[in-house]
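The structure under discussion appears below in the form of structure tokens.
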Amino acid sequence: MIFLKSGPELKAMDRANRLVHRVLSAVREAALPGVTTAELDHLAETLISEDGAQPAFKGYRGYPATLCTSVNDEIVHGIPSPTVRLAEGDVLSVDCGTIVDGFYGDAAVTFAIGEVNGEARRLIDVTRACLEDAVDQIVPGARLGDIGAAVQQRAEAAGFGVVREFVGHGVGRALHEDPQVPNYGEAGKGLQLRPGLVLAIEPMITVGSWRVRVDRDGWTARTEDGTLAAHFEYSVAVTPDGHRVLGVEE
Ligand code: MF3
Ligand code: CO
């Protein structure tokens with residue numbers, strides 16, 4: 001079941017995502033070598049509650065934290081921990097969700113802790129470009145396959161892998177709504193986009209194998225071969241004349 005959002009509903013989603021992006025910026029500034037991922041989670045939770053909003057992930061299917069903090073070979077859903085201390089050269093993916101007036105915001109970024117090697121830098125840059133290429137596809141009448149094909153094209157041209165096991169999704173009054181949004185596929189195929197549809201686009205890209213292993217904690221998803229992964233996410237509304245990235249000033 002697909003829910004198209006009205007103007008006032010998109011305004012609430014804009015607010016939810018604006019808070020998410022504010023949190024992600026603050027976390028990025030705080031993420032210095034020596035800081036633990038639990039400290040970043042505490043910062044995020046404080047900012048969200050000071051805003052009178054709620055963290056979206058905490059309690060979702062039993063997930064225990066406000067952020068997902070995925071380090072190096074961790075792709076997504078890394079659980080913040082007082083024993084995970086960031087070090088110069090790490091690649092950190094941070095995913096954050098909020099609920100504002102009943103609507104969800106959902107976005108993620110990946111960045112370097114201090115200086116990283118050239119391959120890590122390239123992975124981060126290509127994954128961000130995958131997200132931007134995907135967002136550029138979003139206009140009324142375009143199809144879901146156009147989004148996946150754009151991500152896959154950019155990632156594979158760079159020699160990187162596209163994670164299949166996790167996908168983007170519709171978002172609104174629930175964190176995960178229909179449709180699923182794969183990061184691979186064929187242009188011209190699949191559901192046609194319509195104004196009012198809101199999609200969380202979230203490419204997950206790997207240096208090596210795109211195959212995933214989930215830790216015994218039931219959450220932390222890492223690359224099977226131990227190579228680096230990166231993840232960026234925007235919540236994007238289809239508008240009559242194209243799209244709007246929610247929570248981000250143009
Ligand atoms: N952005 C991710 C998603 O949309 C984050 C979910 S974390 C969870 O699937 F804990 F809420 F599952
Ligand atoms: Co998401």
Side-chain angles (χ1 to χ4, degrees), residues 2-3 5 13-14 16-24 27-28 37-38 40-42 44-45 48 53-71 74-81 84 92-100 102-111 127-128 130-131 134-135 138 144 147-148 151 162-184 197-206 212 214-222 229-238 243 245-248:
I2 284 172
F3 301 100
K5 280 78 185 178
M13 294 194 72
D14 235 330
N17 281 287
R18 206 173 306 148
L19 176 57
V20 168
H21 284 282
R22 191 152 64 74
V23 169
L24 291 175
V27 165
R28 183 177 187 146
T37 53
L40 298 179
D41 196 69
H42 180 76
E45 188 164 1
I48 291 169
Q54 279 167 262
F57 300 165
K58 199 168 198 172
Y60 180 83
R61 297 180 178 226
Y63 187 77
T66 295
L67 299 177
C68 299
T69 50
S70 307
V71 184
E74 298 172 359
I75 304 165
V76 287
H77 303 165
I79 300 175
S81 163
V84 176
L92 177 64
S93 301
V94 182
D95 195 342
C96 182
T98 62
I99 311 173
V100 171
F103 284 90
Y104 282 75
D106 187 10
V109 290
T110 297
F111 52 86
T127 306
R128 189 190 303 100
C130 286
L131 175 60
V135 168
I138 299 182
L144 277 183
I147 294 171
V151 172
V162 175
V163 171
R164 312 288 203 265
E165 199 163 323
F166 298 98
V167 295
H169 50 92
V171 56
R173 286 190 189 275
L175 178 58
H176 295 139
E177 293 184 354
D178 289 338
Q180 294 199 352
V181 185
N183 293 301
Y184 53 90
L197 183 62
V198 182
L199 299 175
I201 309 290
E202 47 182 323
M204 289 151 266
I205 306 299
T206 62
V212 171
V214 176
D215 285 1
R216 304 219 358 225
D217 64 17
W219 285 102
T220 312
R222 57 179 82 237
H231 172 219
F232 281 84
E233 178 177 24
Y234 276 154
S235 293
V236 187
V238 185
H243 61 259
V245 177
L246 298 178
V248 172

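Order of appearance sets the numbers: ligands from 1, and atoms from 1 within every ligand.
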If you have a sec, work out which protein heavy atom is nearest atom 2 (C) of ligand 1 and how many Å separate them, to one decimal?
-> D95 OD2, 3.1 Å
Starting from atom 3 (C) of ligand 1, locate the nearest protein heavy atom and write down its residue, its atom name and how far away it is, to 0.1 Å.
-> H176 NE2, 3.2 Å
Does ligand 1 have a heavy atom under 4.0 Å from the side chain of Y60, from its backbone, from both, or from neither?
-> side chain
Find, among atoms of E233 that are N, O or S, the one nearest to the Co ion (ligand 2), and state its name.
-> OE2
May I ask whether K58 has any heavy atom positioned less than 4.0 angstrom from an atom of ligand 1?
-> no
Rounded to the nearest 0.5 angstrom, the CG-CD1 distance for D217 and I79 is 4.0 Å
Find all atoms of ligand 1 within a distance of less than 4.0 Å from any non-hydrogen atom belonging to H169, and give their numbers and elements.
-> 3 (C), 4 (O)
Please report the C-alpha distance between V84 and T69 in whole Å, then the side-chain angles of each, then the deciding distance to 0.1 Å, and finally whether the side chain to side chain contact (heavy atoms under 4.5 Å, CB included) criterion is met.
-> CA-CA 10 Å; V84 176; T69 50; over 6 Å; no
Looking at E202, the N/O/S atom that lies nearest to the Co ion (ligand 2) is called OE2
When you look at NE2 of H42, are more than 12 heavy atoms from neighbouring residues, nucleotides or ligands closer to it than 6.0 Å?
-> no
Taking the non-hydrogen atoms of W219, is any one of them nearer than 4.0 angstrom to ligand 1?
-> yes
Would you find more than 12 non-hydrogen atoms of other residues, nucleotides or ligands less than 6.0 Å from Q180 atom CD?
-> no
Between H231 and F166, does the ring centroid distance fall short of 6.0 Å?
-> no
Take I75 and E165, measure what side chain to side chain contact (heavy atoms under 4.5 Å, CB included) needs, and give me the verdict at the end.
-> CA-CA 11 Å; I75 304 165; E165 199 163 323; over 6 Å; no
Side chain H243, main chain V135, donor-acceptor under 3.5 Å = yes
Atoms of ligand 1 under 4.0 Å from any heavy atom of L175, numbered from 1 in the order shown, are 11 (F)
Within the stated cut-off of 2.8 Å, is an N/O/S atom of D106 closer than that to the Co ion (ligand 2)?
-> yes
What are the two closest heavy atoms between H21 and G247, and how far apart are they?
-> CD2-O, 3.8 Å
Provide the number and element of each atom of ligand 1 under 4.0 Å from a heavy atom of C68.
-> 7 (S)
Mark up the atoms of ligand 1 that fall under 4.0 Å of a heavy atom belonging to Y63, in ascending order.
-> 10 (F)
Under 4.0 Å between heavy atoms, the region of R61 that gets near ligand 1 turns out to be neither
Residue of the set V236, V171, L199 for which side chain to side chain contact (heavy atoms under 4.5 Å, CB included) holds with V181 | L199
Are the aromatic rings of H77 and F57 close, with centres under 6.0 Å apart?
-> no
State the atom name: nearest N, O or S atom of H169 to the Co ion (ligand 2).
-> NE2
For ligand 1, which atoms sit closer than 4.0 Å to a heavy atom of D106?
-> 1 (N), 3 (C), 4 (O)
